[in-house]
Amino acid sequence: MENPEVAMVFEEIADLLEILGENPFRVRAYRNAARTIRELPEPVEQVARDPGRRLEDLPGIGKDLAEKIRVIVNTGDHPLRQELRQKVPPGLRDLLDIPGLGPKRAYALYKQLGITSREELKKAAQARRIRTLRGFGAKTEQAILEALEHLEEVSRRVYLAEAKVFADAVIQHLRAVPELHQIEVAGSFRRRKETVGDLDVLVTCDQSAPVMDRLAEYSAVRDVLVRGDTKMSVRLANGMQLDLRVVPEESYGAALQYFTGSQAHNIQLRRRAQEMGLKINEYGVFRGEERVAGRTEEEVYAAVGLPWIPPELREARGEIEWALEGKLPKLVELTQIRGDLHMHTNVTDGRASIEQMILACKELGYQYLAITDHSKRVTVAGGLDADALRAHWRNIDRIASRIAGITVLKGVELDILEDGSLDLPDDVLAEADWVVASIHYGQNQPRQQITRRILNAIENKYVHCIAHPTGRLIGKRKAYDVDLDLVLKAAADHGCFLEVNAQPSRLDLDDVALLAAREKGILIAINTDAHSIDELRFMEFGVYQARRGALEAKDVLNTRSVRELRKLLTQRRK
Ligand code: DGT
Ligand code: CA
Ligand code: CA
Ligand code: ZN
């Protein structure tokens, strides 16, 4: 079983317990376990089966949960989940994602109106029956309707990070077939889009039957939807569909190009081919009946007079013109990242100690890191006031001095308060090596007000960087109503850095904003905002997002050496 599948069992148990009003600590325990498993860099099943390893050594996993994990990896499920499902109608869980509807309210809707799904909720809201319930009102009813519409747009898609777990596993599984030659996942996955609708897998092989047999028997495959000679579709355990296509060797490059998309990019490419008297499709590039290219993607692009274009750029945003003019960017790569400048420790809401985070960054080969725990306003995370922060920094210095070979910057994630002021005074900020400022409260303020807040932070020379500048949570919460043009302009004018937050649900700034930032010469920090050691690995997804925004190494702050970095940080404060 893949980690997300195991995690999903615990997530469902937590949701159902919460709906039933069970002890919050018990609910929390299941959620933490789910998170631990999701973030584990190796399959939890492997840990469970290794006699030399103990599941109990994983963070947040006690004896009881370890036993449950063993049951899940052995049987694919846990009886507790089945038992809880008897008590709660299945659709009720889908109501929990709707902003403003906690488990209590979801249960009230079920008990009082018999609502058991999003669809029924929508009907009830449209019929104005929600507002008749105690504690619900017309405003809530309207908010529910709007949230439902937003969810319909984005649901049924999976975060890239989750899609990658399955894509990597399927590829590894299929590679064992001796008849298989080439294999690659095309589609939005290869373009590294933030969310993925389905996986489009292309293979070449001697015989397709053994490849398809092997896919059908894969543990993460829930159903085989269709199977033909050259195409097979399956449903994976997390609900995602996977299409497998067998293509001839001489068409592999053309198929890869076609199925990588995007559709808009392909349309532009096809138009260019037509202008040259060529035809381009998933089988190759043709002049009349003659195939002039198709074996490799490079060949296909070359046939229409273009260099190979990185998939992350294939969104019809000018990449073909760049290619023609020889101006394709040399996109930043994960190996060029020299440090991570946004992370939390267990001093606030992180899960690992200062020392553990430093050692983990060293392990990743970084030259530096910044520890940026929350400032005091973020009470839910145990944010630090001036005294506590100074003590924390002394501690960081003490611990860092014992660890050679990596530079530790004393930082803070500074809250931008509702009234536009900053959560800590300048004299405290001046003592920090690195300050990232961000918004956690008052996210629904009107455009002018929330934009003004961010501008205030940018105008303060002690603030180096704005973290997750738009605040969106993909599929869950829209961006603040912020005037991004003004923010970009101010950042450029004041030499303030902006972040790509690499959390799979954030990826904020997005690709379009990054393209604009690049035009203005704004330096971007790609940060994980890690709350545990394992989350440091999200850097990969931040880099993908930066690549989608056409960023090169020179556009990224944390590709710089520690010396250059320090110079830039000092410059900002002049
Ligand atoms: P997704 O799965 O919704 O995240 O997005 P994609 O981009 O993977 O889209 P998908 O799976 O529907 O199709 C994969 C690629 O195949 C797509 O990016 C471009 C190509 N493609 C599919 N259908 C068409 C079509 O009707 N016309 C053209 N030109 N290309 C298509
Ligand atoms: Ca797809
Ligand atoms: Ca598809
Ligand atoms: Zn943070």
Side-chain angles (χ1 to χ4, degrees), residues 4-22 24 26-27 30-31 34 38 72 76-159 162-163 166 195-198 220 222-223 225 233-242 472-478 505:
E5 295 169 69
V6 181
M8 275 190 290
V9 177
F10 284 146
E11 276 156 13
E12 184 172 344
I13 289 175
D15 284 350
L16 297 177
L17 288 172
E18 203 170 10
I19 291 172
L20 291 167
E22 284 278 336
R26 196 168 164 220
V27 174
Y30 284 108
R31 287 214 196 290
R38 243 181 214 286
I72 295 169
D77 200 357
H78 195 278
L80 176 59
R81 167 155 83 166
Q82 295 306 328
E83 188 189 310
L84 292 169
R85 279 183 177 175
Q86 302 297 315
K87 298 184 189 165
V88 181
L92 217 52
R93 265 190 87 208
D94 298 337
L95 305 190
L96 298 182
D97 287 342
I98 298 165
L101 276 193
K104 272 211 191 84
R105 289 181 148 204
Y107 200 60
L109 287 166
Y110 165 57
K111 275 291 169 193
Q112 297 182 42
L113 294 177
I115 290 170
T116 60
S117 68
R118 283 188 186 170
E119 226 149 88
E120 288 170 16
L121 179 67
K122 192 170 177 183
K123 282 203 190 109
Q126 282 164 342
R128 306 189 159 201
R129 284 165 55 215
I130 309 273
R131 63 178 71 190
T132 63
L133 294 184
R134 198 147 51 88
F136 276 86
K139 233 175 130 179
T140 314
E141 189 177 76
Q142 187 55 34
I144 288 174
L145 265 181
E146 280 168 20
L148 280 170
E149 274 157 27
H150 181 59
L151 282 170
E152 276 170 17
E153 279 170 33
V154 294
S155 62
R156 288 181 294 277
R157 298 186 66 83
V158 171
Y159 292 149
E162 178 170 332
F166 284 91
T195 62
V196 171
D198 66 1
R222 194 199 285 161
D223 295 305
L225 304 172
S233 292
V234 300
R235 175 86 49 210
L236 297 173
N238 68 341
M240 204 174 17
Q241 185 174 322
L242 181 148
R472 63 124 175 219
L473 289 177
I474 300 168
K476 298 211 169 85
R477 192 175 69 207
K478 285 197 185 144
S505 60

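Side-chain atoms are counted along with the backbone in the values below, which use heavy atoms only and exclude waters and symmetry mates. This is a predicted model, so every value here is computed, not measured.
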Cut-off 3.5 Å, no hydrogens considered: what does the side-chain donor-acceptor table look like for residues 77-88, sequence neighbours left out?
unit_1: Asp77; atom_1: OD1; unit_2: Arg81; atom_2: NE; d: 2.9
unit_1: Asp77; atom_1: OD1; unit_2: Arg81; atom_2: NH2; d: 3.2
unit_1: Asp77; atom_1: OD2; unit_2: Gln82; atom_2: NE2; d: 2.4
unit_1: His78; atom_1: ND1; unit_2: Leu80; atom_2: N; d: 3.0
unit_1: Arg81; atom_1: NH1; unit_2: Glu12; atom_2: OE1; d: 3.0
unit_1: Arg85; atom_1: NE; unit_2: Glu12; atom_2: OE2; d: 2.6
unit_1: Arg85; atom_1: NH2; unit_2: Glu12; atom_2: OE1; d: 2.9
unit_1: Arg85; atom_1: NH2; unit_2: Glu12; atom_2: OE2; d: 3.2

From CG (Leu133) to CG (Leu109), nearest 0.5 Å: 6.0 Å

How long is the gap from CG on Leu92 to OG on Ser117, to the nearest 0.5 Å? 9.0 Å

Determine whether Glu162 and Met240 make a side-chain contact, defined as any pair of heavy atoms from C-beta on separated by less than 4.5 Å. no

So, applying side chain to side chain contact (heavy atoms under 4.5 Å, CB included) with Phe166, which one of Val158, Asn238, Val196 is it? Asn238

Partner set under side-chain contact (heavy atoms from CB on, under 4.5 Å) for Ala125, not counting sequence neighbours: Ile130, Glu141, Leu145

Which atoms form the tightest heavy-atom contact between Ala7 and Ala34, and what is the distance? CB-O, 3.5 Å

Is any side-chain heavy atom of Thr195 less than 4.5 Å from a side-chain heavy atom of Tyr159? yes

Enter the distance from Asp94:CG to Leu121:CG here, rounded to the nearest 0.5 Å. 10.5 Å

For Thr116, all residues meeting side chain to side chain donor-acceptor pair (under 3.5 Å), sequence neighbours excluded: Glu120

Among all residues two or more places apart in sequence or in another chain, which pass the side chain to side chain donor-acceptor pair (under 3.5 Å) test with Glu5? none

Mind checking what makes side-chain contact (heavy atoms from CB on, under 4.5 Å) contact with Asp198, not counting sequence neighbours? Asp200, Gln241, Asp243

Find the distance between NZ (Lys123) and CZ (Arg118) and round it off to the nearest 0.5 Å. 15.0 Å

Exceeds 12 heavy-atom contacts within 6.0 angstrom, atom CD of Gln126: yes

Would you mind writing out the side-chain donor-acceptor pairs for residues 99-108 within the sub-3.5 Å range, not counting sequence neighbours?
unit_1: Arg105; atom_1: NH1; unit_2: Gly100; atom_2: O; d: 3.3
unit_1: Arg105; atom_1: NH2; unit_2: Gly135; atom_2: O; d: 2.7

Can you tell me how far the CZ atom of Arg31 sits from the CD atom of Glu11, to the nearest 0.5 Å? 7.5 Å

Looking only at heavy atoms, which two atoms of Glu22 and Arg26 are closest? And how far apart? OE1-NH1, 3.2 Å

Tightest non-hydrogen contact, residues Arg38 and Pro4, listed as NH1-CB, 3.8 Å

Straight-line distance of Ile72 CD1 to Ile13 CD1, nearest 0.5 Å: 6.0 Å

